[in-house]
Amino acid sequence: MKRFIKRFSALLLALLMLLFAAACGKKPGTEDGSDATSETNSNNPAHTDPERDDTPDLPENMNLDRTVNILVRSEFKDEFVPDDKTADVLSAAMFARNSAVSETLGVKLNFTDIACDEFTGPYGGSPFHAAIVKVMSAGSDTYQIIANFAYFSVSYIQQGYFLELNTLKNSYIDISKPYWNSNYYSEAALNGKNYYLLGDICTTAMTEAEVIYYNETLVKNYLGEDVDLLQKVYDKEWTYDYLLDCIAAVGNGEETGVWGMSATNSSYSVDGFLAGLGLTLVKTSADAQPQVTVTDSHNIDITNALRKLYHSNASMYVAEAGEPFRKGQSMFYADYMKYAQYLTNEKISYGMLPFPLWDENQKDYYPTSHDAYTVLGIPRTCEKPEEITAVLELMAYESRQQVRPALYYKCYSLRYLGTNEKAMMFDFIIDKLSYNFGYIYSDVLKNPSDDLGAMHIFRYDVVQNKTDLMTQVYGQAGVYKQNLKKLLKAFYE
């Protein structure tokens, strides 16, 4: 099985890249079409052992001879369903992945997309939520895989809508494989139980990843020709204070027309900063139950610092769009990774970075995805879940083999970033995507009276430039503790 998978994937990927290179007239990994030759940076963990066997451990000649029905959100169906109306390389990769899974396992993948309102989720009567409730109420094996809205998905655990994955007999899921995000799986676990998977199938985790873009020309003009921001990241010298120093070097944007940094005054950038600087809503440990930590002094410190950056820094341009960056009038810009698509026709040389460390004592970078990313679950009504684990495992592998390279080449190498040195940062950020317990379960910890997730207190303190953060967090901490107890009950019963 492994040999067949490798051969099948290699042929499809080779054909995909050949077609893409012909369409672009360039070779992957370079700006001008020349051969890409770049030394691997030893501090860059994106480069792994080439001898490691990462193919799925599936039985030889496995033939499930069945249809697998997958429910996806209409807003993000392009994670799963190729667009047959375009010759887009990403759609071609989706088709290649789905074909590989179908051919290898003898399955037909049938996708149903239903609208899922980002702002109402399961509480505002979204059609996606209604479809899930209908299936659970009827007890019907309508869908075998459900691609959930991550933020709202956790409430379904308390309702018992999804199967616990670690107790499935003969499961083929191997969370140690690189195509699964083991950090998410570890952070989401309670009492040894897990209900959702996150991996390379979920391209929203990549496209919704929050990053900082930099204008290479402005960096050289204001910081010096020898400043290498990428190496600063690898050497763990990319800290919040260093970012402030860089911004200050540009000066007052109102006076010069050039800003040190620009950002949308919303979750698009604020959430990335909060996560990156180490906001901790709940503390977890192997030998104790989780504890609410919203009143931790570090949380207060980073929120106060961000409020000053967004509302009191003369080198910071705060708006609802990235126009200054697109026009070459901002050295840094914070937004989603998918924002790069709006820079394709702009005449600027740029790259991307993770959000900085709070200081040199921070253990690592904590890039994260905006909470609309997808997580995958097997509904409790699924009659043969072990077969579905085989489909998920192979689909994740093929996503890493085919979809991720296509996203990389289409969006962050040829079309956007241009050079290997800058494009390598794509893997660095994606492979470090982290999801802490408090972020994952923020929705179920919230105070129902204001309908704000636990992290929203900190987000809106920055966005709305509030001054009563201490009052808010101490006022809500008791509610969060009670709701955490309810969540724990669902995992320990």
Side-chain angles (χ1 to χ4, degrees), residues 151 205 208-214 229 232-233 236-248 259-281 293-294 296-313 315-322 324-325 330-339 352-373 425 428-429 432-436 438-440 442 452-466 469 472-473:
Y151 180 75
E208 302 280 314
E210 299 190 47
V211 298
I212 292 181
Y213 295 92
Y214 66 92
L229 292 179
K232 288 282 186 184
V233 172
K236 298 187 71 175
E237 297 175 358
W238 175 237
T239 64
Y240 186 69
D241 282 344
Y242 180 74
L243 172 63
L244 293 181
D245 289 342
C246 293
I247 294 172
W259 282 266
M261 187 169 191
S262 58
T264 55
N265 188 24
S266 69
S267 61
Y268 288 16
S269 61
V270 175
D271 287 9
F273 264 121
L274 290 170
L277 298 177
L279 181 76
T280 305
L281 304 173
T293 57
V294 291
D296 185 87
S297 61
H298 180 65
N299 295 339
I300 308 300
D301 290 343
I302 62 177
T303 307
N304 287 338
L306 289 175
R307 193 170 61 248
K308 292 178 182 178
L309 172 64
Y310 275 71
H311 301 283
S312 304
N313 193 310
S315 293
M316 181 74 167
Y317 182 94
V318 178
E320 296 302 326
F325 189 79
S330 174
M331 185 161 61
F332 296 108
Y333 176 63
D335 208 317
Y336 295 164
M337 190 175 274
K338 66 183 179 183
Y339 180 81
M352 65 174 66
L353 306 165
F355 280 82
L357 306 167
W358 173 246
D359 57 31
E360 64 277 2
N361 296 315
Q362 185 168 311
K363 183 179 179 181
D364 206 346
Y365 297 98
Y366 303 131
T368 195
S369 308
H370 186 259
D371 52 27
Y373 63 90
M425 187 56 67
F428 182 89
I429 294 171
K432 283 186 175 292
L433 283 176
S434 59
Y435 306 86
N436 67 58
Y439 273 43
I440 293 171
S442 178
L452 293 178
M455 69 167 294
H456 293 156
I457 286 181
F458 300 93
R459 175 200 295 172
Y460 290 117
D461 182 84
V462 176
V463 171
Q464 299 173 8
N465 196 20
K466 294 184 176 182
L469 180 61
Q472 289 186 74
V473 293

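Panel note: side chain His370, backbone Ala205; no donor-acceptor pair is recorded below 3.5 Å. Side-chain atoms of Ser330 come within 3.5 Å of backbone N or O of Ser262 as a donor-acceptor pair. Panel note: side chain Ser369, backbone Glu208; no donor-acceptor pair is recorded below 3.5 Å. Put simply, the side chain of Asp359 never gets that close to the backbone of Thr239: no donor and acceptor are under 3.5 Å apart. Side-chain atoms of Glu237 never come within 3.5 Å of backbone atoms of Lys232 as a donor-acceptor pair (strictly under, hydrogens ignored). In this structure, the side chain of Asp461 does not engage the main chain of Ile457 through any donor-acceptor pair within 3.5 Å. Formation of a donor-acceptor pair under 3.5 Å by the Thr368 side chain with backbone atoms of Tyr435 is not found in this model. In this structure a side-chain-to-backbone donor-acceptor pair under 3.5 Å is present from Gln362 to Gly276. Although no hydrogens or angles enter the test, the distance criterion places no donor-acceptor pair under 3.5 Å between the side chain of His311 and the main chain of Val318.
When all heavy atoms are compared, the tightest approach of Pro356 to Leu277 is O-CD2, 3.4 Å. Here the closest non-hydrogen pair linking Asn299 and Gly278 is OD1-O, 4.2 Å. Among all heavy-atom pairs drawn from Asp301 and Trp358, the shortest one is O-CH2, 4.1 Å. Shown here for Met316 and Ala263, the closest heavy-atom pair between the two residues is CE-CB, 3.8 Å. Across all their heavy atoms, Asn265 and Val463 have their closest contact at ND2-O, 3.0 Å.
Taking the six-membered ring where the residue is Trp, Phe273 and Tyr240 present perpendicular rings, their angle passing 60° and hence far from 30°. Between Tyr317 and Trp259, the ring planes lie perpendicular to each other; the angle is over 60°, past the 30° to 60° tilted range.
Looking at Ile440 and Tyr151, their side chains never come closer than 4.5 Å, going by heavy atoms from C-beta outward. Looking at heavy atoms from C-beta onward, Glu210 lies out of side-chain contact with Pro354 at the 4.5 angstrom threshold. You'll find the side chain of Tyr339 stays beyond 4.5 Å of the side chain of Thr264, heavy atoms only. Two residues are said to be in side-chain contact when any heavy atoms from C-beta on lie closer than 4.5 Å; Phe332 and Cys246 meet this criterion. Side-chain atoms of Leu353 and Val211, non-hydrogen and from C-beta on, never get closer than 4.5 Å to each other. Taking the side chain as every heavy atom from C-beta outward, Leu306 and Thr303 never approach each other to under 4.5 Å. Using a 4.5 Å heavy-atom threshold, the side chains of Met337 and Met352 count as touching. Residues Tyr366 and Asn436 are not in side-chain contact: their nearest non-hydrogen atoms beyond the backbone lie 4.5 Å or more apart.
For Asp271, the salt bridge (Lys or Arg N to Asp or Glu O under 4.0 Å) partners are Arg459, not counting sequence neighbours. Residues passing the salt bridge (Lys or Arg N to Asp or Glu O under 4.0 Å) test with Asp364, sequence neighbours excluded: Lys432.
Between Tyr365 and Phe355, the gap from one ring centroid to the other reaches at least 6.0 Å. A distance of 6.0 Å or more separates the ring centres of Trp238 and Tyr214.
Here CG of Asp296 is found 9.0 Å from CD1 of Ile302. Values are rounded to the nearest 0.5 Å.
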*Can you check side chain to side chain contact (heavy atoms under 4.5 Å, CB included) on Tyr439 and Leu279, steps first, answer last?*
CA-CA 9 Å; Tyr439 273 43; Leu279 181 76; 3.5 Å; yes

_Criterion side chain to side chain donor-acceptor pair (under 3.5 Å) on Ser269 and Tyr310, from CA distance to verdict_ = CA-CA 10 Å; Ser269 61; Tyr310 275 71; 2.7 Å; yes

_Could you walk me through whether His298 and Thr293 satisfy the side chain to side chain contact (heavy atoms under 4.5 Å, CB included) test, starting with their C-alpha distance in whole Å, then the side-chain angles of each, then the deciding distance to 0.1 Å, before giving a yes or no?_
CA-CA 10 Å; His298 180 65; Thr293 57; over 6 Å; no

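Lys466 NZ: more than 12 foreign heavy atoms inside a 6.0 Å radius. Around OH of Tyr242, the count of heavy atoms belonging to other residues, nucleotides or ligands within 6.0 Å exceeds 12.
Between the side chains of Tyr333 and Asp335, at least one donor N or O lies within less than 3.5 Å of an accepting N or O.
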